[in-house]
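Please read all numbers here as calculations on a predicted model, not as lab measurements. Just so you know, ligand 1 is whichever comes first in the structure, and atom 1 is the first atom listed for that ligand. Both backbone and side-chain heavy atoms feed into the values below; hydrogens, waters and symmetry mates do not.
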Amino acid sequence: MAANGLDVAEYFYADLFARDPQLRRMFPASMAKQHEVLIAALSQIVSTVDDPDALVPFLTDLGRRHHGFGVIAEHYAPVGASLLATLAYFSGPEWSADLERDWTAAYGVVAKVMTEAAAEPVA
Ligand code: HEM
């Protein structure tokens, strides 16, 4: 997945904007920078998945910034669906029901921490 980084981002955003065209206008016209920052953030999340002391503050900050971008809780479902579709596509035959279950659960935690942080006042 990491080796295919930018292709992954391109696939992800194409899937997302086909799934929910209204989301397109939230992003800049040129998506090159966005592709890079998405892959960097996903790498950071995956590499700290077993380290809540690092992961939770990262997601809290990211969630608060997303609040500032106009992202609301309902936006997390289509993004999660596109992320799962992207992972399935690039995993090919290695994709399995177990992986789908684990990634769905992991994304659910990420989305929960981000949306809860967005709802809380900054301490
Ligand atoms: C796993 C969940 C997500 C990750 C890892 C993620 C990652 C990022 C990153 C790294 C940035 C760059 C700015 C920054 O770091 O503050 C960003 C910006 C942005 N994200 Fe997300 N994001 C996620 C979920 C979402 C969702 C659910 C939406 C809703 C549509 C969204 C919409 C946006 C928008 C609109 C921007 C700003 C684009 C701009 O104006 O430059 N993101 N995201």
Side-chain angles (χ1 to χ4, degrees):
M1 196 62 66
N4 284 316
L6 294 180
D7 288 349
V8 170
E10 193 162 354
Y11 188 98
F12 166 79
Y13 285 111
D15 186 277
L16 181 64
F17 299 146
R19 195 180 292 275
D20 196 338
Q22 299 211 14
L23 296 181
R24 179 64 187 92
R25 73 169 78 110
M26 297 177 72
F27 292 87
S30 168
M31 291 292 288
K33 179 96 202 315
Q34 190 65 28
H35 288 176
E36 276 176 42
V37 294
L38 176 79
I39 294 301
L42 289 176
S43 304
Q44 170 79 18
I45 291 168
V46 170
S47 64
T48 56
V49 80
D50 296 324
D51 181 3
D53 290 347
L55 183 58
V56 172
F58 178 79
L59 292 177
T60 301
D61 287 348
L62 193 62
R64 289 198 184 116
R65 291 200 298 277
H66 278 69
H67 179 64
F69 300 143
V71 174
I72 56 170
E74 287 69 28
H75 291 147
Y76 283 84
V79 167
S82 290
L83 187 62
L84 265 286
T86 305
L87 290 166
Y89 178 80
F90 283 93
S91 301
E94 288 170 41
W95 190 246
S96 66
D98 278 358
L99 280 174
E100 177 159 355
R101 194 198 51 225
D102 290 353
W103 275 99
T104 302
Y107 179 78
V109 173
V110 168
K112 183 169 186 289
V113 176
M114 287 177 69
T115 45
E116 284 178 359
E120 285 162 10
V122 180

Practice task
May I ask you to test the Val110-Leu59 pair for a side-chain heavy-atom distance under 4.5 Å?
Solution key: yes

Exercise for the section: Report the part of Pro28 (side chain from C-beta onward, or backbone N, CA, C, O) that has a heavy atom under 4.0 Å from ligand 1; answer both or neither where that applies. Expected result: side chain

Problem - Close approach, Ile45 and ligand 1, non-hydrogen under 4.0 angstrom - result: yes

Problem - Contact summary for Leu55 and Val49, nearest pair of heavy atoms - result: CD2-CA, 4.1 Å

Exercise for the section: Tell me, yes or no, whether the heavy-atom count around Arg101 atom CZ, taken from other residues, nucleotides or ligands under 6.0 Å, exceeds 12. Expected result: yes

Exercise for the section: Flag yes if Leu38 and Met26 sit in one hydrophobic cluster, no otherwise; membership is Ile, Leu, Val, Met, Phe, Trp, Tyr, and two members link when side-chain heavy atoms are under 4.5 Å apart. Expected result: yes

Practice task
Could you point out which residue of Gln34, His35, Arg24 forms a side-chain hydrogen bond (donor to acceptor under 3.5 Å, both in side chains) with Tyr13?
Solution key: Gln34

Exercise for the section: Around atom 21 (Fe) of ligand 1, list the protein N/O/S atoms within a radius below 2.8 Å, excluding water molecules. Expected result: His66 NE2

Practice task
Could you check atom 35 (C) of ligand 1 against the protein and tell me its nearest heavy-atom contact, residue, atom and distance included?
Solution key: Met26 O, 3.4 Å

Handout entry: Flag if over 12 foreign heavy atoms under 6.0 Å of CD, Glu10
Key = no

Exercise for the section: Could you tell me whether Tyr89 atom OH has more than 12 heavy atoms of other residues or ligands within 6.0 Å of it? Expected result: no

Exercise for the section: Please report which non-hydrogen protein atom sits nearest to atom 12 (C) of ligand 1, along with the residue it belongs to and the distance in Å to one decimal place. Expected result: Val37 CG2, 3.6 Å

Problem - Nearest non-hydrogen protein atom, atom 2 (C) of ligand 1 - result: Met114 SD, 3.9 Å

Practice task
Quick one: look up the protein heavy atom nearest atom 32 (C) of ligand 1 and list residue, atom name and how far away it is.
Solution key: Phe27 CZ, 3.2 Å

Problem - Proximity of Phe69 and Phe27 rings by center, below 6.0 Å - result: no

Practice task
Heavy-atom contacts with Val110 under 4.0 Å: which atoms of ligand 1 show up? List them by number with element.
Solution key: 1 (C)

Practice task
Determine whether Phe17 and Met31 make a side-chain contact, defined as any pair of heavy atoms from C-beta on separated by less than 4.5 Å.
Solution key: yes

Practice task
Could you tell me whether Arg65 approaches ligand 1 through its side chain, its backbone, both or neither, with non-hydrogen atoms closer than 4.0 Å?
Solution key: side chain

Fill in the blank from the handout: Counting heavy atoms under 4.0 Å, the part of Gln34 that contacts ligand 1 is side chain

Exercise for the section: Can you sort out which atoms of ligand 1 are near Tyr107, meaning under 4.0 Å from one of its heavy atoms? Expected result: 1 (C)

Practice task
For the residue pair Arg64 and Glu120, establish whether any side-chain heavy-atom pair is separated by less than 4.5 Å.
Solution key: yes

Handout entry: Distance filter under 4.0 Å to Tyr76 heavy atoms, resulting ligand 1 atoms
Key = 27 (C)

Exercise for the section: Please tell me if the side chains of Leu84 and Trp95 come closer than 4.5 Å, counting only heavy atoms from C-beta onward. Expected result: yes

